[in-house]
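Here is the structure we will look at, set down as structure tokens.
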Amino acid sequence: MMNLDEILKMWKKDSVIDTVSLDDSTKENAKNHAKYLELHSIIKLRLKKKEMDQKVLLRDKWLWFSGKLEKETIDEYGWDYDPFHGKTVIKSDYHYYFESDPDLQKSENEISYLKTLDETLKEIVENIKWKHQSLRVIMDFQKFQSGF
């Protein structure tokens, strides 16, 4: 999977308009649209999968905290058999444990990162969709400068 730095570096290169070869820029625009649309689609699907995985993790954490998770599943995850380490915790305080749980925080960070990638790629695709307007303005200006 590409990371944000790689995508931004690619976009920095791909967003340049060569005012000398506008016909090439027009052709490149279609290629770039396909490239970034593909990346955007892949990220959207990964984000959706990660969000669904987090729901399963959240359910399992709830079962674990409430003492209802099967031993096999606890072993599978590699979690402690006593999530509270001998402390008595009331259900209304579970949210403190959910918010500070390393597995849930990691999952939330991954979702946030994928959302950032999704928003960035969405913006890039939108920019590419409107790039023809910039190309037209440049062409019209060049015509004006040459006296046409």
Side-chain angles (χ1 to χ4, degrees), residues 1-19 21-141:
M1 178 174 87
M2 298 193 89
N3 66 36
L4 185 59
D5 290 335
E6 292 169 333
I7 290 170
L8 292 174
K9 188 183 281 186
M10 271 189 338
W11 177 237
K12 190 173 187 175
K13 180 181 168 250
D14 292 340
S15 65
V16 174
I17 297 175
D18 182 2
T19 57
S21 302
L22 289 175
D23 54 336
D24 289 340
S25 290
T26 303
K27 292 173 194 171
E28 282 300 310
N29 199 44
K31 288 180 191 175
N32 286 336
H33 186 267
K35 176 169 94 175
Y36 289 100
L37 185 61
E38 179 182 0
L39 289 172
H40 187 222
S41 299
I42 290 167
I43 292 300
K44 282 181 78 107
L45 291 172
R46 286 185 180 162
L47 173 60
K48 188 65 175 169
K49 168 114 176 60
K50 192 65 181 165
E51 288 171 336
M52 290 188 299
D53 290 347
Q54 186 183 40
K55 288 178 183 181
V56 171
L57 179 62
L58 192 57
R59 179 207 59 208
D60 287 348
K61 286 288 182 172
W62 181 84
L63 288 170
W64 182 54
F65 287 142
S66 53
K68 299 175 183 173
L69 192 62
E70 305 86 26
K71 182 184 180 311
E72 298 80 29
T73 308
I74 294 172
D75 291 340
E76 217 175 276
Y77 280 120
W79 296 341
D80 232 339
Y81 292 117
D82 180 10
F84 303 114
H85 306 289
K87 297 179 189 106
T88 303
V89 177
I90 58 175
K91 285 186 182 183
S92 63
D93 289 341
Y94 280 10
H95 69 280
Y96 295 116
Y97 289 88
F98 281 110
E99 291 170 0
S100 64
D101 183 81
D103 297 323
L104 290 171
Q105 285 180 341
K106 180 181 178 206
S107 178
E108 191 60 40
N109 283 337
E110 290 169 357
I111 287 172
S112 294
Y113 187 77
L114 287 170
K115 283 181 178 179
T116 300
L117 288 175
D118 178 53
E119 291 165 8
T120 300
L121 287 163
K122 180 180 178 183
E123 189 67 32
I124 289 171
V125 169
E126 283 298 312
N127 189 288
I128 291 170
K129 283 168 51 176
W130 289 100
K131 193 173 184 180
H132 69 281
Q133 293 291 354
S134 299
L135 292 169
R136 177 181 294 266
V137 168
I138 292 168
M139 285 189 270
D140 288 346
F141 186 70

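Side-chain N or O atoms of Tyr81 include none that pairs as donor or acceptor with a backbone N or O of Ile74 at under 3.5 Å. Although no hydrogens or angles enter the test, the distance criterion places a donor-acceptor pair under 3.5 Å between the side chain of Tyr94 and the main chain of Phe65. Proximity of a side-chain donor or acceptor of Tyr113 to a complementary backbone N or O of Leu4 within less than 3.5 Å is detected.
Surrounding CD of Gln105 are more than 12 heavy atoms belonging to other residues, nucleotides or ligands, all under 6.0 Å away. Atom CD of Glu6 is surrounded by more than 12 heavy atoms from other residues, nucleotides or ligands within 6.0 Å.
Nearest heavy atom pair, residue Asp80 against residue His85, reads OD2-CE1, 2.9 Å. Contact record, Asp103 with Asp101: N-OD2, 3.0 Å, taken as the closest heavy-atom pair. Here the closest heavy-atom approach between residue Phe98 and residue Trp62 is recorded as CZ-CA, 3.6 Å. Nearest heavy atoms, Thr73 versus Asp60: CG2-OD2, 4.4 Å. Nearest heavy-atom pair across Tyr36 and Ile7 is OH-O, 4.4 Å.
Tyr96 is linked by a side-chain hydrogen bond (donor to acceptor under 3.5 Å, both in side chains) to nothing, counting only residues two or more places apart in sequence or in another chain.
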Donor-acceptor pairs are to be reported for all side-chain atoms of residues 43-58 against protein atoms at under 3.5 Å, with residues two or more places apart or in another chain.
{"from": "Lys49", "atom 1": "NZ", "to": "Asp53", "atom 2": "OD1", "distance (Å)": "3.0"}
{"from": "Lys49", "atom 1": "NZ", "to": "Asp53", "atom 2": "OD2", "distance (Å)": "3.0"}
{"from": "Lys50", "atom 1": "NZ", "to": "Glu110", "atom 2": "OE1", "distance (Å)": "2.4"}
{"from": "Gln54", "atom 1": "NE2", "to": "Glu108", "atom 2": "OE1", "distance (Å)": "3.0"}

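Look at Lys9 and Asp5 and you find no salt bridge, because none of the NZ, NE, NH1 or NH2 atoms lies under 4.0 Å from a carboxylate O.
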